[in-house]
2 protein chains.
Amino acid sequence: MHHPYNRAALQQQIASSGLKATHQRIVVYEALMELHDKHPVAEDVFLHLKPNNPTISLGTVYKTLDTLAENGLIKRVLSEKGSNRYDADTTAHNHIYCSKTKEIVDYRDEELEELLTSFFKKRHIENFEISNFFLQLSGSKVDPDKQVIITRLK
Amino acid sequence: MHHPYNRAALQQQIASSGLKATHQRIVVYEALMELHDKHPVAEDVFLHLKPNNPTISLGTVYKTLDTLAENGLIKRVLSEKGSNRYDADTTAHNHIYCSKTKEIVDYRDEELEELLTSFFKKRHIENFEISNFFLQLSGSKVDPDKQVIITRLK
DNA sequence: TTTACTGCAAAATGTTTGCATAAGG
DNA sequence: CCTTATGCAAACATTTTGCAGTAAA
């Protein structure tokens with residue numbers, strides 16, 4: 001086993017949402033961790049799992065991703081076009097979307113989080129309960145083969 | 001005619017993108033203005049236009065929305081689920097998404113724009129050209145029948 | 001043993017395509 | 001005129017559904 005996490009804890013997590021900790025839910029979750037950089041769509045997850053789980057069905061993957069997202073165990077990521085993409089990382093972070101490669105790159109920035117949180121403390125939104133907010137940067141990679149790196153300027 | 005805008009200017013705008021200023025493109029654009037609060041999907045636009053433009057086809061609406069968006073005449077709005085939604089207003093603004101009513105409410109906030117712009121001046125993003133960034137607040141209306149109002153706290 | 005979940009296939013939804021016809025410049 | 005866009009219907013892609021059978025608790 002090469003996952004730096006505890007499968008028992010995951011079963012526990014799933015169960016504590018009132019869900020059955022089925023094999024499918026566990027492997028879908030693990031696939032999401034393994035494919036983290038890809039922010040995969042349902043079909044990516046399905047294809048990733050198929051070799052070792054030949055009987056899993058695409059419909060189940062759809063349902064499982066939806067169920068896990070509804071229960072806050074994973075997050076749905078908005079993408080520029082069409083299909084839902086998913087992220088096992090539910091901690092606060094933003095995304096950078098590249099329209100050239102369709103990649104979604106994580107953008108974690110504590111300073112930004114704090115800036116926005118404190119900003120919204122000064123805004124009062126009447127008749128609305130914010131469950132979350134996110135910032136998305138869109139644009140395109142200059143060199144598709146290289147990484148995107150965010151640095152702080154002095 | 002009850003539009004507070006200049007149709008000739010729109011034709012001009014369309015033409016200056018190298019596109020033909022067809023009747024369909026004009027009425028699709030106008031529909032988008034009229035349905036602004038709805039941030040409509042293609043089908044909403046189609047149904048809105050059908051009565052006065054009985055021969056317009058849904059396929060054309062899809063193509064037109066795509067063409068206008070590609071040419072920066074309108075904006076695509078990301079929505080929590082599935083289909084593309086559109087906005088004729090291309091000026092900088094953010095959106096509030098209500099998961100209860102599926103509404104998208106405009107959120108215009110100059111202070112926020114400025115805060116973010118100056119923040120990103122201090123971040124250097126290597127190998128990426130930002131074309132735009134947007135913030136989305138998600139959550140749900142407390143009373144679906146009432147408006148969402150954002151106010152500044154002193 | 002009961003209830004919730006899966007797999008499968010079919011249906012529904014949303015979007016794109018190809019091509020003959022029509023309209024814009 | 002020449003080119004680009006439209007309308008239509010069919011194709012495609014993605015997601016959901018219904019239901020009989022299976023696995024979790």
Side-chain angles (χ1 to χ4, degrees), chain A residues 7-8 10-29 31 39-47 49-71 73-74 76-86 102, chain B residues 7-8 10-29 31 38-71 73-74 76-86 102:
Chain A
R7 190 180 265 208
L10 174 59
Q11 292 182 315
Q12 173 65 40
Q13 269 270 311
I14 294 174
S16 72
S17 298
L19 302 171
K20 287 187 179 174
T22 64
H23 181 67
Q24 289 85 339
R25 285 174 179 162
I26 289 161
V27 295
V28 163
Y29 187 93
H39 295 85
V41 298
E43 182 139 38
D44 296 327
V45 172
F46 174 67
L47 293 175
L49 290 175
K50 202 82 190 284
N52 294 316
N53 304 267
T55 69
I56 201 167
S57 81
L58 180 56
T60 296
V61 173
Y62 271 101
K63 263 181 285 197
T64 302
L65 289 169
D66 186 62
T67 304
L68 294 178
E70 287 307 310
N71 288 277
L73 297 165
I74 63 175
R76 244 184 281 272
V77 178
L78 293 201
S79 75
E80 217 80 342
K81 285 229 59 165
S83 32
N84 282 315
R85 297 172 70 163
Y86 294 88
K102 316 297 185 217
Chain B
R7 192 180 265 209
L10 175 57
Q11 292 181 317
Q12 173 65 41
Q13 267 272 310
I14 294 173
S16 72
S17 298
L19 302 171
K20 289 186 177 173
T22 64
H23 180 67
Q24 288 84 341
R25 285 174 179 160
I26 289 161
V27 295
V28 163
Y29 187 93
K38 219 190 164 193
H39 295 86
V41 299
E43 180 138 39
D44 295 328
V45 172
F46 175 67
L47 294 175
H48 180 81
L49 291 175
K50 201 81 191 284
N52 295 317
N53 304 266
T55 70
I56 201 167
S57 80
L58 180 56
T60 296
V61 173
Y62 271 103
K63 265 182 283 199
T64 301
L65 289 169
D66 186 61
T67 304
L68 295 177
E70 287 306 310
N71 288 278
L73 298 165
I74 63 173
R76 245 185 279 274
V77 178
L78 292 201
S79 76
E80 217 80 344
K81 285 230 55 165
S83 33
N84 282 314
R85 295 173 71 161
Y86 295 87
K102 315 299 185 216

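B:Arg76 places no side-chain N or O within 3.5 Å of a backbone atom of B:Leu65 that could act as its donor or acceptor partner. Under a 3.5 Å cut-off, the side chain of A:Arg25 and the backbone N or O of A:Thr64 do not form any donor-acceptor pair.
Checking the phosphate oxygens (OP1, OP2) of D:dG7, a side-chain nitrogen or oxygen of B:Gln24 falls inside 4.0 Å. For the OP1/OP2 pair of C:dC8 and a distance below 4.0 Å, the side-chain nitrogens and oxygens of A:Ser57 include no atom meeting the criterion. Between B:Thr22 and the phosphate of C:dA23, there is no side-chain N or O to OP1/OP2 separation shorter than 4.0 Å.
Comparing atom distances between the A:Lys20 side chain and each of D:dA24, D:dG7, D:dT17 picks out D:dA24 as nearest. Distances from the side chain of B:Tyr62 to the nucleotides C:dG14, D:dG7, D:dA25 place C:dG14 closest. Proximity note for B:Ile56 (side chain, C-beta onward) versus C:dG7, C:dG25, D:dG7: the nearest is D:dG7. When distances are taken from the side chain of B:Lys63 to each of C:dG14, D:dC8, C:dG25, the shortest belongs to D:dC8.
Atom pair A:Phe46:CZ and D:dA13:P shows a separation of 16 Å (rounding to whole Å applied).
Across all strands shown, A:Thr55 has heavy atoms under 4.0 Å from sugar-phosphate atoms exclusively, and none from any base.
Nearest approach of B:Val77 to B:Tyr86, heavy atoms of both residues: CG2-C, 4.2 Å.
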